[in-house]
Protein chains: 2
Amino acid sequence: MAERGRPREFALDEALDRAIEVFWRQGYEGTTLDDITAAMKISRPSLYAAFGNKEETFKRAVGRYAVVDMAYIDDAIAEPTARLVAEHYLRSNVRAITEPGKPAGCLSIQGGLSGSPEHHRVVSFLNESRRGGEARFAARFQRAIDDGDLSASENAAELAKYLATVTAGLAVQASGGASRADLESVAHRALLGFPAP
Amino acid sequence: MAERGRPREFALDEALDRAIEVFWRQGYEGTTLDDITAAMKISRPSLYAAFGNKEETFKRAVGRYAVVDMAYIDDAIAEPTARLVAEHYLRSNVRAITEPGKPAGCLSIQGGLSGSPEHHRVVSFLNESRRGGEARFAARFQRAIDDGDLSASENAAELAKYLATVTAGLAVQASGGASRADLESVAHRALLGFPAP
DNA sequence: TCTTTTATGTACCAATCGGAACAGAAATAG
DNA sequence: CTATTTCTGTTCCGATTGGTACATAAAAGA
């Protein structure tokens with residue numbers, strides 16, 4: 001791969017990490033291009049050359065967030081039983097949304113639950129992003145049912161939606177200042193609604 | 001009360017109802033003054049004369065929303081037992097956030113979970129508004145403990161936070177398009193985590 | 001070295017933002 | 001009637017928004 005032209009003076013991933021932080025704290029609509037470029041420490045044309053525009057920058061940031069900051073979902077799904085999947089998911093979710101040094105809550109929630117009609121695509125993007133995560137758990141629980149790990153009387157999609165609802169609520173609480181200890185007890189209680197072995 | 005000067009040509013509460021709708025759909029930052037005045041069908045100076053500014057209009061709208069659209073909280077708290085309080089709360093919450101003809105979800109969530117630093121007060125306002133609701137349930141459950149309705153081993157604040165977390169999650173799901181039936185089953189499952197008689 | 005290609009910084013653009021000035025209109029008080 | 005008070009619509013304001021032109025700088029290829 002012969003590189004042509006002047007090389008980029010910043011690392012894409014590092015820049016995206018800065019974007020993640022500011023979008024996480026302020027949401028899509030609450031974040032200006034000046035906020036982004038200041039956080040990235042690059043100029044405006046550099047951002048446009050690298051990412052296209054504000055919306056694409058946001059989507060790239062959310063994509064990286066899903067890979068980096070929500071990697072625990074992979075680990076949770078890899079657990080051997082549905083019950084362990086749920087426990088792992090809620091436990092690590094509470095940790096992630098109350099991580100010191102990071103904004104409280106979850107980018108895919110704080111990024112924008114609502115918005116002006118012209119930003120409708122951003123809201124939908126986050127929405128489908130969340131649905132994608134929920135679908136992964138639904139597939140995992142369906143496998144558990146097929147394997148006999150979960151009772152056939154259970155509904156995989158319903159269980160996935162239940163967990164997604166709880167984690168969404170936890171994120172809202174975290175963004176509002178709830179402590180890790182508080183949310184751990186909430187998560188523990190929520191697990192009472194999940195089928196036990 | 002002698003009325004002096006030219007009388008207002010619109011009804012405050014009707015105007016606020018329109019504001020509720022648009023803030024609910026688009027959030028605080030996603031709603032412009034033109035959106036508000038268009039929805040209210042009044043001119044900009046009329047809005048400023050009646051409500052002060054955009055932020056105060058929003059707070060007034062949220063206040064009315066809490067009284068009108070969340071009246072079911074009063075009914076829930078009036079139930080004779082903690083268990084019935086929880087059941088009533090979740091059941092009517094699901095109905096409220098999936099009410100046909102109204103925006104899906106909850107104004108106190110969609111209004112703004114995050115925002116630019118200069119709108120920080122709005123985010124905090126919603127936050128404390130939600131905490132206020134949670135505190136009402138905490139007080140109700142403490143009374144249930146004191147009365148012996150709930151086991152003394154339970155923690156009233158934790159139970160209230162649990163329900164608040166679930167309803168926040170339900171609102172996120174509703175805003176994302178989840179159906180009433182889906183959320184009813186989620187709410188039913190969440191009740192498994194609430195002490196039964 | 002000279003051309004080509006891409007990244008960078010400054011400076012700028014039209015559009016929109018929340019808010020206010022102002023004059024006129026509609027009511028009551030006297 | 002006149003004076004006073006308050007609401008209304010039009011118009012405008014400076015500031016900020018997302019996005020771009022343009023000249024320049026830094027690399028590779030010939």
Side-chain angles (χ1 to χ4, degrees), chain A residues 1-16 18-19 22-23 25-61 111-112 114-123 125, chain B residues 1-16 18-19 22-23 25-61 111-112 114-123 125:
Chain A
M1 298 295 178
E3 313 241 346
R4 318 202 350 159
R6 179 174 176 175
R8 187 177 287 117
E9 294 185 359
F10 63 95
L12 286 180
D13 282 348
E14 280 184 27
L16 282 177
R18 315 281 185 141
V22 63
F23 280 128
R25 284 216 165 77
Q26 308 186 6
Y28 180 79
E29 284 182 329
T31 304
T32 69
L33 280 177
D34 281 341
D35 291 333
I36 305 172
T37 55
M40 287 182 167
K41 293 175 190 164
I42 66 176
S43 71
R44 207 175 272 230
S46 294
L47 182 141
Y48 274 78
F51 303 110
N53 58 17
K54 182 187 175 184
E55 181 175 336
E56 289 303 317
T57 305
F58 180 74
K59 290 180 178 176
R60 290 280 295 273
S114 60
S116 71
E118 66 230 64
H119 296 143
H120 147 265
R121 287 202 313 282
V122 169
V123 176
F125 174 80
Chain B
M1 294 296 178
E3 313 241 343
R4 316 200 357 154
R6 179 174 175 175
R8 187 178 287 118
E9 293 184 359
F10 61 97
L12 285 180
D13 283 347
E14 280 184 26
L16 282 177
R18 316 279 187 142
V22 63
F23 280 129
R25 283 215 167 77
Q26 308 186 4
Y28 180 79
E29 285 182 329
T31 304
T32 69
L33 280 178
D34 282 341
D35 291 333
I36 305 171
T37 55
M40 287 182 169
K41 294 174 189 165
I42 65 175
S43 71
R44 207 175 273 234
S46 294
L47 181 140
Y48 273 78
F51 303 110
N53 59 14
K54 183 186 175 186
E55 181 175 336
E56 290 303 318
T57 305
F58 179 74
K59 291 181 177 176
R60 289 281 295 272
S114 60
S116 71
E118 68 229 61
H119 296 142
H120 148 264
R121 287 202 312 280
V122 169
V123 176
F125 175 80

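Not measured: the values here are computed from a predicted model.
Judged by the 6.0 Å and 45° rule, B:Arg44 forms no cation-pi pair with B:Tyr48.
Salt bridge annotation for B:Glu55-B:Lys59: present, with a cationic side-chain nitrogen under 4.0 angstrom from a carboxylate oxygen.
Distance A:Leu33 CG to C:dC13 P: 18 Å, rounded to the nearest Å. A:Glu118 has its CD atom 11 Å from the P atom of D:dG19, to the nearest Å. Taking atom CD of residue A:Gln26 and atom C1' of nucleotide D:dT17, one finds them 15 Å apart after rounding to whole Å. Atom C1' of nucleotide D:dT17 and atom CG of A:Asp35 are separated by 11 Å, given to the nearest angstrom. Between the CD atom of A:Glu29 and the P atom of D:dT16 there is a distance of 19 Å, given to the nearest Å. Between A:Glu9 atom CD and D:dA27 atom P there is a gap of 8 Å when expressed in whole angstrom units. Remark: C1' of C:dG18 and CG of B:Asp34 are 10 Å apart, rounded to the nearest angstrom.
Judged by distance alone with a 3.5 Å cut-off, no donor-acceptor contact links the side chain of B:Arg4 to the base of C:dA27. Judged by distance alone, with hydrogens and angles left aside, A:Arg8 brings no side-chain donor or acceptor close enough to the base of C:dA7 to form a pair under 3.5 Å.
In this structure, the nucleotide among C:dT6, D:dT8, C:dA26 sitting nearest to the side chain of A:Arg6 is C:dT6.
Every residue meeting the side-chain hydrogen bond (donor to acceptor under 3.5 Å, both in side chains) condition with B:Ser116, not counting sequence neighbours, appears here in chain and number order: B:Glu29, B:His119.
Interface residues of residues 50-58 of chain A facing DNA chain C, ordered by number: none; criterion, heavy-atom separation under 4.0 Å. Scanning residues 38-48 of chain A for heavy-atom distances under 4.0 Å to DNA chain C yields A:Ser43, A:Pro45, A:Ser46.
Between B:Asp35 and B:Phe23 the shortest side-chain heavy-atom distance does not fall below 4.5 Å. Between A:Met40 and A:Phe51 the shortest side-chain heavy-atom distance falls below 4.5 Å. In this structure, A:Ile36 and A:Phe58 have side chains that are not in contact, with every pair of non-hydrogen atoms separated by 4.5 Å or more. Between A:Lys54 and A:Tyr28 the shortest side-chain heavy-atom distance falls below 4.5 Å.
The only option from A:Leu47, A:Thr37, A:Leu33, A:Thr31 that meets the side-chain contact (heavy atoms from CB on, under 4.5 Å) definition with A:Thr57 turns out to be A:Leu47.
Map B:Pro7 and B:Thr31 each onto its nearest nucleotide of DNA chain C; the residue landing nearer the 5' end is B:Thr31.
Considering all non-hydrogen atoms of both residues, B:Ala50 and B:Leu12 come closest at CB-CD2, 3.9 Å.
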